[in-house]
Enquirer: 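After the structure tokens below, expect a handful of questions from me.
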Amino acid sequence: MGFSVEEARYLAASADQIAQVAPEVALTKTSVFADRAVLDRHFGDYARAVSVLIASQRAAVGKLPSHWLTDDAAVQQATPARVARVRAERIAAAGAAFVHDVTCSVGSEAPAFSAAGLDWFGSDLDLARLVMARHNLGPDAWLAQADALAPVSGGGVVVADPARRAGGRRITDPAKLLPPLPDLLEACAGRELAVKCAPGIDYSQWHGLVSVVSVDGGVKEACLYTPGLAGGARREAVVLRKCEERVTDEEPDEVAVTAPRKFIIEPDGAIVRAGLVRQWAARHGLSMLDEHIAFTTGDDVPAGYSGFEFIEAVPLRGLKRALAGHGAGSAEILVRGVDVDPDQLRKKLKLRGERQMGVVIARIGDDAVAHVCGPRVHA
């Protein structure tokens, strides 16, 4: 739930007091009446707004500084700091000096661009969000109320983060993003552009770079870059774990399809979403179980990743017997290319042993094959 302009101004003026009171409210189902009494006593008519702010700040841990003003929708939309840094560094490396963030919201992208040495200007239609951005970024930040489809700057790179949810549902059609991607491209014609989008949308017709970024195994976004920011690649996966790994479609993709080797490894989701499994496998000396399925296999698990030590392959219908024979009491189940629900399958297996195991189910040629493995191991 968002704030009115009046509420946003009150929150900014009362930020220090809110920070002092926040530890007194738990914001749980059982504490709702006690919390409301505390907030009513301190903030009167603004108790609801303060409650929403405190809940949003707690949800923003790892995305935004703890003292920033924000609301729930802004938190959901905000880019994690590590991902914002990737974007800022790419744009800086392309030679840009100025960035106009046309959907700046509460200002979450600004610190990354400032750290990369770029001048940042933020605009948004929502005046309440701009009030929060002013509080978050300070009096020297360049901010303006403006429509993303009527840019108020000239030159530099346009950065946009269209809303990807409406009515509680995820938007999968680029033409229905807010603002719509086709309209944004038309409004910014002739300028370099970086547009943050959802990873699941079909970007096959995009003529620049599609960069898919994950953090600690979770895919966070796809960013579309116009050709001047692309550096020559059309697809890129950026994997942010303890270290950073980048894979592009410019790398070699000659990979053999083989029987399982010592380990079976599922690539990071960013690599899968970017369609770069073959390039990643070639980089790490892996082969593939099937040319159409995103499971790889090798003699070692690449550093920073995890995999399963292979034991045997059985037809799917023989999986229950095989696991019982190995004394399995629980199993982590991965599935690709086969219409199997891991949770439902786990119930049907009725495992009663004591051994933790892994199962990798994949379509190999025309057959559904279950690869029985040891538990997940990390390199």
Side-chain angles (χ1 to χ4, degrees), residues 77-105 107-124 142 146 148-149 151-162 164 174 177 179-215 219-240 244-251 270-271 273-276 279:
Q77 188 86 357
T79 304
R82 293 178 70 187
V83 180
R85 188 191 71 238
V86 168
R87 178 169 24 262
E89 290 175 351
R90 170 172 284 282
I91 293 173
F98 168 72
V99 167
H100 179 186
D101 185 342
V102 296
T103 54
C104 74
S105 186
S108 61
E109 300 264 343
F113 284 108
S114 296
L118 295 165
D119 291 329
W120 181 90
F121 167 47
S123 62
D124 204 288
W142 296 347
L149 299 181
V152 291
S153 67
V157 175
V158 173
V159 173
D161 186 1
R164 298 179 297 283
L177 296 172
L181 182 57
D183 295 350
L184 187 61
L185 296 178
E186 182 178 355
C188 300
R191 299 179 69 177
E192 297 297 349
L193 183 66
V195 186
K196 176 182 171 183
C197 292
I201 295 177
D202 180 8
Y203 302 114
S204 58
Q205 300 305 308
W206 180 253
H207 296 298
L209 171 69
V210 179
S211 177
V212 184
V213 186
S214 68
V215 178
V219 178
K220 298 302 180 181
E221 70 172 54
C223 190
L224 310 184
Y225 296 93
T226 47
L229 303 174
R234 294 289 302 277
R235 285 175 291 128
E236 173 188 67
V238 182
V239 178
L240 302 177
E244 177 180 319
E245 182 177 32
R246 291 174 183 256
V247 183
T248 77
D249 60 347
E250 296 182 303
E251 298 179 33
I271 293 165
R273 291 290 187 92
L276 298 172
Q279 287 84 350

Enquirer: For the residue pair Trp120 and Gly107, what are the closest heavy atoms and their distance?
Expert: CH2-CA, 4.4 Å

Enquirer: Are the side chain of Thr103 and the backbone N or O of Ala160 linked by a donor-acceptor pair below 3.5 Å?
Expert: no

Enquirer: Could you tell me if the side chain of Ser211 sits less than 4.5 Å from the side chain of Val238, heavy atoms only?
Expert: yes

Enquirer: I'd like to know if the side chain of Lys196 reaches the main chain of Ala84, judged simply by a donor and an acceptor atom lying under 3.5 Å from each other, with no hydrogens or angles considered.
Expert: no

Enquirer: Can you label the angle between the Trp142 ring and the Phe98 ring as parallel, tilted or perpendicular, going by 30° and 60°?
Expert: tilted

Enquirer: Is Ile91 close to Val159 at the side-chain level, that is, under 4.5 Å between some pair of heavy atoms?
Expert: yes

Enquirer: Got a second to check how far Cys197's SG is from Asp161's CG, nearest 0.5 Å?
Expert: 8.5 Å

Enquirer: Show, in sequence, the C-alpha distance, side-chain angles and deciding distance for Gln279 and Asp249, and conclude whether the side chain to side chain contact (heavy atoms under 4.5 Å, CB included) test is met.
Expert: CA-CA 7 Å; Gln279 287 84 350; Asp249 60 347; 4.3 Å; yes

Enquirer: Do you know the tightest heavy-atom contact between Val239 and Ala270?
Expert: CG2-CB, 4.4 Å

Enquirer: Decide side chain to side chain contact (heavy atoms under 4.5 Å, CB included) for Trp206 and Thr226; before the verdict, give the C-alpha distance in whole Å, the side-chain angles of both, and the deciding distance to 0.1 Å.
Expert: CA-CA 9 Å; Trp206 180 253; Thr226 47; 4.2 Å; yes

Enquirer: I want to check something: taking the side chain as every heavy atom from C-beta on, are Ser153 and Arg191 in contact at a cut-off of under 4.5 Å?
Expert: yes

Enquirer: What's the spacing between Leu229 CG and Leu224 CG if we round to 0.5 Å?
Expert: 11.5 Å

Enquirer: Could you check whether any side-chain heavy atom of Asp119 comes within less than 4.5 Å of a side-chain heavy atom of Val99, counting everything from C-beta outward?
Expert: no

Enquirer: Among residues at least two apart in sequence or on other chains, which ones pass salt bridge (charged side-chain N to carboxylate O under 4.0 Å, His left out) with Glu192?
Expert: none

Enquirer: Could you pull out the closest heavy-atom pair between Ala230 and Leu209, with the gap in Å?
Expert: CB-CB, 3.5 Å

Enquirer: Could you pull out the closest heavy-atom pair between Ala222 and Tyr203, with the gap in Å?
Expert: CB-CE1, 3.9 Å

Enquirer: Going by the rule side chain to side chain contact (heavy atoms under 4.5 Å, CB included), which residues pair with Pro180 if we only count those two or more places apart in sequence or in a different chain?
Expert: Pro182, Asp183

Enquirer: Verify side chain to side chain contact (heavy atoms under 4.5 Å, CB included) between Arg235 and Val212, making sure each step is shown before the conclusion.
Expert: CA-CA 8 Å; Arg235 285 175 291 128; Val212 184; over 6 Å; no

Enquirer: What closest approach, in Å, do Leu149 and Pro179 show between heavy atoms, and which atom pair accounts for it?
Expert: CD2-CB, 3.8 Å

Enquirer: Mark yes or no for whether Arg234, through its side chain, and Gly208, through its backbone, hold a donor-acceptor pair below 3.5 Å.
Expert: yes

Enquirer: Sorted by first residue and then second, give each salt bridge (charged side-chain N to carboxylate O under 4.0 Å, His left out) pair with at least one member in residues 84-101; sequence neighbours left out.
Expert: Arg85-Glu89, Arg85-Glu244, Arg87-Glu109, Arg87-Glu221, Arg90-Glu236

Enquirer: Do Pro162 and Val195 come within less than 4.5 Å of each other through their side chains, counting heavy atoms only?
Expert: yes

Enquirer: Determine whether Lys220 and Thr79 make a side-chain contact, defined as any pair of heavy atoms from C-beta on separated by less than 4.5 Å.
Expert: no

Enquirer: What's the shortest heavy-atom distance between Asp124 and Ser105, and which atoms?
Expert: OD2-N, 2.9 Å

Enquirer: Is any side-chain heavy atom of Val158 closer than 4.5 Å to a side-chain heavy atom of Pro151?
Expert: no

